[in-house]
Amino acid sequence: MSGHRELLARLRDLRAHGSAPLSAMVRLVASELASEVCSIYVQRPGDILELTATEGLNRDAIGRTRLRVGEGIVGLCAATGTIMNLPDAQNHPAFAYRPETGEEPFASLLAVPVRRSGRTLGVLVVQNRTPRNFSEPEVDDLETVAMLLAETLAGSGATDGSPKGLADTVPRLFTGAPLMGGIAVGNIVLLRSARPVVRMIAEDLPAEQARLDQAVARMQRGLDDLFADVPSNGRTADVNASREVLDAYRLVASDAGWLRRVAEVIRGGMTAEAAVQRVAGELHDRMRRISDVYLRERLADMEDLANRLLTALLGEPPRAPVPEGAILLARRLGPAELLDWHARGIAGVAVEEASPAGHAAILARALGIPAIGSLRGMLDSAEQGDCAVVDGDEGQFILRPEAEVRLAYIRALDARNAKYAELATWRGRPAVTADGIGLQLMLNIGLSLELPQLARTGADGIGLFRTEIAMLARGSVADVAEQTAIYARVLDEADGKPVVFRTLDLGADKLLPGTIIEEENPAMGWRSLRVGLDRPALLRRQLRALLLAAGGRELSVMFPMVATVAEFTAAKALLLAEAKRVRPVPQSLHIGTMLEVPALMWQLPQLMQTADFISLGSNDLIQFLFAADRGTPSLYDRYDFLSQPVLDMIEQLVLAAKPARVPISICGEAASRPLEALVLAALGVTTLSMPASAVLPIKAMFAQVDMRAFRSVLASIRRGEGFGLREALATWAREQAIIS
Ligand code: PEP
Ligand code: MG
């Protein structure tokens, strides 16, 4: 470490005499690191890396040797943002020979990207004749120099390859992943990270450590205030209720691991802010290499925290007021940041790196902010104050839209607001058809922060509480006490309305961090109840928590992915055994199954004898019925719920359930679509559970339908149309002005 400090001290001396010229820097690094070559490649407009300074290669090559990003080892380093540590660079498949450099004698090569705020500004390279891997301290030293170099280059006009100019006054369309539906039209505010770090090299190490400790304490206090002191404009409940996500975030905030790493960098001779920035950069690099979304999310939380820590150290960057209807643009967005900006009044969010399963997305949905993620390259084209449209339904972000496009979106937004206002009048009314057939419209939710939707939609209860979502948000399965608290809160807020808890449906696309299961077909793999039955302790803990949460109230539990009656009875036996141990006993205990696996259709007589209720999980059922992966976009509308096989199946199910008096409901997405809801009700499935946004439109739609008339229309369409059901149904519904 003392060699490291010496290097830093010399670099400080160099910078003390004005901003260090790059030529002096390469000379110093070559001598301090005992390397025969040290070179700096700077990224220029057009994604070009230009040799700008070198010690050890031919000086004539300066300004002449140019590589595209992605070309050669230097280009690869810039493109991937990863360190290249090669004992024999010239035999590496990516090696690009440039005779003017005279680099033939040098075998080993270490290339480190020069990055700042997530952007690559250049590449720093050292080379040696001896073929060998560079040691960890050498890599560490070069990374430190790269960080200092980043500050120099940032002020020198080096570019990240995204020249801003004429091209940036024209409209641009970016398509990403929808995180939360809805429309926002407004001016852009850019999420700025903390103030730039100016002082890099420490004079007094204990003082720097003390500054860090104080800043950590300040940051923690700031988080406490942020999470507790939420705005009182009617959204308080949302924010308070987002406990799962925020608790997970707090866990990361107090994680000693990354703070230890910051302290270690300070001991190496850097200021507290430079150390935090360095660790944030390391986290960013790790994040780029991790494909597991939940791990990435945890790292994103840490990055968010590192930014807060920088702010605690350097003071707030200047905060301009947020214009009404503003759209926030960010490279990444942590949950605490989103809360902050929500309180400041943003209307939409566009993020370069965010996935629908991420924490920010979960919060955006809970707060109702239209949001899009995975918008690569968006930030490079956007400027503060530009006009933009977030179309969260289509996952489209339109930058600097033409006036006509902007007006069309504003009109659509106004129409939507008017429609919502009209729909809101349905909140307190019962769900009933024009000819008096009553329906139960329930909610599908998974986080307690969605509970206020019960009051907002006037839903009859919760038809599907996906218990695994809260566990995914916190990153692990909670213990019995914590689970009990989560479930009790749901029952408290439901205030006597029915709630159906589904046991953990983990696996397939819902993996907890650290769960690495190599399966060829995870959707049909070791998931859901299969895990629960093979790991009964896990399932028992959850069942116990549910019983404790009920505390003598009514309790409904549903098992997912049941394929055989034997599986259902095994799960039911676990619940009944647990129920014998928990006091007070629930007022009544209903034990049901989802019908997601078609095989259950051939076990109906036995199933009806043992299940208290059955809920159709149309999302999985359709994928298994048609053997079509529900996550493959190109298969999305290839097979139709409104087709003879599905309707025949539902009819048979209803027929078998009737004499057994087993209630049939549906909790898959199909229930939220008007035509599907209509057909389901006509077939006798009158309990429909759906996402909150669908409840009022579906209620309003049913009120216009004469169900008796519709049943005969449906029967004649089914006799005549075979696979063209949807078209015929839609035509009828349009004629009746039931759908537009
Ligand atoms: C379903 O499969 O229809 C369902 C409701 O479960 P999930 O979407 O959570 O798999
Ligand atoms: Mg399912």
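Whatever order the structure lists them in is the order used to number ligands and atoms, beginning at 1. Note that these values count all heavy atoms, side chains included, but never hydrogens, waters or copies made by symmetry. We're numbering straight along the sequence, starting at 1.
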With sequence neighbours excluded, residues passing ring-ring contact (aromatic ring centres under 6.0 Å, His included) with Y420: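 Y420 satisfies ring-ring contact (aromatic ring centres under 6.0 Å, His included) with no residue once adjacent residues are dropped.
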Proximity flag M594 to ligand 1, non-hydrogen atoms under 4.0 Å: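 It does; at least one heavy atom falls under 4.0 Å.
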Residue D620 vicinity, atoms of ligand 1 by number, heavy atom under 4.0 Å: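 Heavy-atom distances to D620 below 4.0 Å select 1 (C), 2 (O), 3 (O), 10 (O).
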For L464, atoms of ligand 1 separated by under 4.0 Å from a heavy atom: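 Reading through ligand 1 atom by atom, the close ones are 5 (C).
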Counting non-hydrogen protein atoms only, what is the nearest one to [atom]? Give residue, atom name and distance.
atom                   : result
atom 2 (O) of ligand 1 : E596 OE2, 2.8 Å
atom 5 (C) of ligand 1 : C667 O, 3.4 Å
atom 6 (O) of ligand 1 : R502 NH1, 2.9 Å

Donor on one side chain, acceptor on other, S665 and S615, under 3.5 Å: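 Judged by distance alone, the side chains do pair up.
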Short side-chain donor-acceptor distance under 3.5 Å, Q542 and Y487: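 A pair is found: one side chain offers a donor N or O, the other an acceptor, under 3.5 Å apart.
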Please report, to 0.1 Å, the donor-acceptor pairs under 3.5 Å made by any side chain of residues 684-693, with sequence neighbours excluded.
{"from": "T687", "atom 1": "OG1", "to": "Q440", "atom 2": "OE1", "distance (Å)": "3.4"}
{"from": "S689", "atom 1": "OG", "to": "L443", "atom 2": "O", "distance (Å)": "3.2"}
{"from": "S689", "atom 1": "OG", "to": "N444", "atom 2": "OD1", "distance (Å)": "2.6"}
{"from": "S689", "atom 1": "OG", "to": "G463", "atom 2": "N", "distance (Å)": "3.4"}

Could you list the donor-acceptor pairs under 3.5 angstrom formed by side chains in residues 646-662, with sequence neighbours left out?
{"from": "D648", "atom 1": "OD1", "to": "R718", "atom 2": "NH2", "distance (Å)": "2.6"}
{"from": "E651", "atom 1": "OE1", "to": "R718", "atom 2": "NH2", "distance (Å)": "3.3"}
{"from": "E651", "atom 1": "OE2", "to": "R718", "atom 2": "NH1", "distance (Å)": "3.0"}

Proximity of D505 to ligand 1 by residue part, where a heavy atom lies under 4.0 Å: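 D505 to ligand 1: side-chain contact only, backbone stays beyond 4.0 Å.
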Shortest heavy-atom approach to atom 8 (O) of ligand 1 - which of E669, E468, R630: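 Nearest option to atom 8 (O) of ligand 1, by heavy atoms: R630.
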Identity of the nearest option to atom 4 (C) of ligand 1, non-hydrogen atoms only, from N619, V597, L595, L616: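 Answer by nearest heavy atom: N619.
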Are the side chain of [X] and the backbone N or O of [Y] linked by a donor-acceptor pair below 3.5 Å?
X    : Y    : value
Q396 : G392 : no
K699 : L423 : no
E468 : D505 : yes

Ion pair E676/R726, N-O distance below 4.0 Å: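 Salt bridge flag = yes for R726 with E676.
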Shell of protein N/O/S atoms around the Mg ion (ligand 2), taken as anything under 2.8 Å: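 Listed by chain and number, the nearby protein N, O or S atoms are E596 OE2, D620 OD2.
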side-chain contact (heavy atoms from CB on, under 4.5 Å) between I445 and L451, worked out: CA-CA 8 Å; I445 60 171; L451 285 166; 3.7 Å; yes
